[in-house]
Amino acid sequence: MERHEVPGASGLLSEVAAAEAELRSAADRDRGGTGGTELAAYFESVVAADQKVEPRDWMPEAYRKTLVRQIAQHAHSEIIGMQPEGNWLTRAPSLARKAILLAKVQDEAGHGLYLYAAAETLGVSRAELYDKLLSGRQKYSSIFNYPTLTWADIGAIGWLVDGAAIVNQVPLCRCSYGPYARAMIRICKEESFHQRQGFDLLYTLARGTAEQRAMAQDAVDRWWYPSLAMFGPPDAESTHSAQSMAWKIKRFSNDELRQKFVDMTAQQAGVLGLRLPDENLTYDSDTGHYRYTPPDFAELAAVIAGNGPCNRQRIAHRRAAHDDGAWVRESAARYAAKRHEEAA
Amino acid sequence: MTEQQWPLWEVFVRPRRGLSHSHVGSLHAPDAELALRNARDLYTRRQEGVSIWVVPAATITASSPDEKDSFFDPAGDKVYRQASFYPVPEGVEHL
């Protein structure tokens with residue numbers, strides 16, 4: 001299969017490498033001041049010096065809660081995110097595409113597990129996290145409540161959804177909480193394959209038959225605005241942002257990241273030869289950015305509230321998968337206990 | 001929830017021959033054998049390692065970050081352990 005460079009993506013990968021180098025060099029940095037014996041002052045000085053907070057360090061309770069909420073939401077998104085793509089595993093058009101999609105879906109499971117493990121370092125149990133997902137007390141990304149109607153949707157998810165995810169996630173490699181930052185570095189390195197395979201898939205369809213081209217365009221038309229909505233509500237309405245910025249959990253505002261994604265993607269659409277479904281999309285040479293029509297935030301709110309096209313189906317499927325796997329977990333635990341007894 | 005949770009294991013990977021094992025993350029597994037297999041699938045999908053250790057998290061004893069100062073202080077005033085503590089007279093070679 002031919003390989004195509006996705007413009008802009010290599011820049012993001014070098015940002016991940018820079019975040020990793022920064023993590024090491026910051027550890028040697030002088031925090032300045034006395035450091036203090038007071039716990040809160042010590043925490044503040046670590047964050048101010050861009051060093052990492054580690055699991056057994058003292059941290060404000062609200063910092064811990066914010067991280068649990070965000071990391072859990074992120075982990076759940078990876079796990080639920082396997083469903084829309086898993087939908088096409090048995091119908092991939094070639095063995096090569098099937099192998100690639102299988103590897104990608106397996107990566108999503110892996111990313112979910114890295115993140116659950118990071119959340120657990122904050123003192124929550126895996127069982128509690130699963131329970132909160134299934135009971136709706138913790139959320140997952142709104143994007144996974146949209147259906148994958150055609151094969152081209154797999155390309156659109158890779159290019160747009162994973163593209164948006166990368167723009168969101170690269171700054172998290174510099175998050176002040178060590179286990180989350182380290183998990184994100186690992187995830188972002190793997191995620192760039194996801195975006196590239198999606199771009200490659202759409203690039204191939206866009207150069208295929210008229211029907212394949214129309215299918216690719218239709219997928220981009222449907223996934224564009226939900227992808228823009230992934231960055232969350234506009235800055236003025238974002239509830240968690242200011243405090244998260246101060247704690248260096250978050251580094252850029254929702255609208256800044258959304259703009260970055262639009263700028264990257266508008267250029268890539270040209271290379272693909274596909275049209276983004278926004279008549280107002282124009283390059284503004286004064287600002288150096290593209291102007292665009294914002295997504296429908298009322299729709300985003302409705303999807304988050306549980307009324308997207310696939311919300312109920314996603315949770316029902318997750319619950320069934322969890323329940324159907326109960327016998328495996330029980331047998332493995334029983335077997336381990338039996339071997340332990342025999343050894344004793 | 002009546003289900004017993006599988007124990008937590010910490011995973012260490014040796015990236016290449018000659019390097020030491022480094023901590024990469026953790027996972028849940030019912031026993032050591034499955035922990036090792038799960039670690040292979042979870043942390044070395046892209047040939048990130050040539051050797052894996054899994055250690056029950058419950059068996060790790062860690063120093064406390066709160067007593068960091070008193071715990072590591074004894075090393076603080078022994079600058080004479082650093083080679084740079086000793087002035088080297090001019091003209092000395094291979095020291």
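Note: hydrogens, waters and symmetry copies are ignored here, and every other heavy atom, side chains too, is used. Lettering of chains follows the sequences in order, A, B, ..., and the numbering in each one begins at 1.
- Contact count against chain B (heavy-atom pairs under 4.5 Å) is highest for A:E190 among A:E190, A:E120, A:H111.
- Interface residues of residues 12-29 of chain B toward chain A, defined by a heavy-atom distance below 4.5 Å and sorted by number: B:V24, B:S26, B:H28.
- Residue-level contacts of residues 337-344 of chain A with chain B, in order of numbering, are A:R339; threshold 4.5 Å between heavy atoms.
- Within a 6.0 Å radius of CZ in B:R46, more than 12 heavy atoms belonging to other residues, nucleotides or ligands are found.
- For the atom pair A:R186 CZ and B:Y43 OH, the distance stands at 6.5 Å (nearest 0.5 Å).
- Partners of A:H317 according to the ring-ring contact (aromatic ring centres under 6.0 Å, His included) rule, which considers only residues two or more places apart in sequence or in another chain, do not exist here.
- Heavy atoms closer than 4.5 Å to chain B are found in the side chain of A:Y335, but not in its backbone.
- Heavy atoms from other residues, nucleotides or ligands lying under 6.0 Å from CG of A:L95 number 12 at most.
- A donor-acceptor contact shorter than 3.5 Å is absent between the side chain of B:Q5 and the backbone of A:S125.
- When heavy atoms are compared at a cutoff of 4.5 Å, B:L42 approaches chain A by way of both its backbone and its side chain.
- Put simply, CZ on B:R45 and CD on A:Q106 are 5.5 Å apart, with the number rounded to the nearest 0.5 Å.
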Expected list for residues 54-63 of chain A: side-chain donor-acceptor pairs under 3.5 angstrom, two or more places apart:
unit_1 : atom_1 : unit_2 : atom_2 : d
A:E54  : OE1    : A:R182 : NH2    : 2.9
A:E54  : OE2    : A:R182 : NH1    : 3.0
A:R56  : NH1    : B:A62  : O      : 3.4
A:R56  : NH1    : B:S63  : O      : 3.0
A:D57  : OD2    : A:E54  : N      : 2.9
A:E61  : OE1    : A:R64  : NE     : 3.4
A:E61  : OE2    : A:R64  : NE     : 3.4
A:E61  : OE2    : A:R64  : NH2    : 3.2
A:Y63  : OH     : A:S176 : OG     : 2.8
A:Y63  : OH     : A:Y177 : N      : 3.4

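- Contact between A:A336 and B:P30 at its shortest, heavy atoms only, is CB-O, 3.4 Å.
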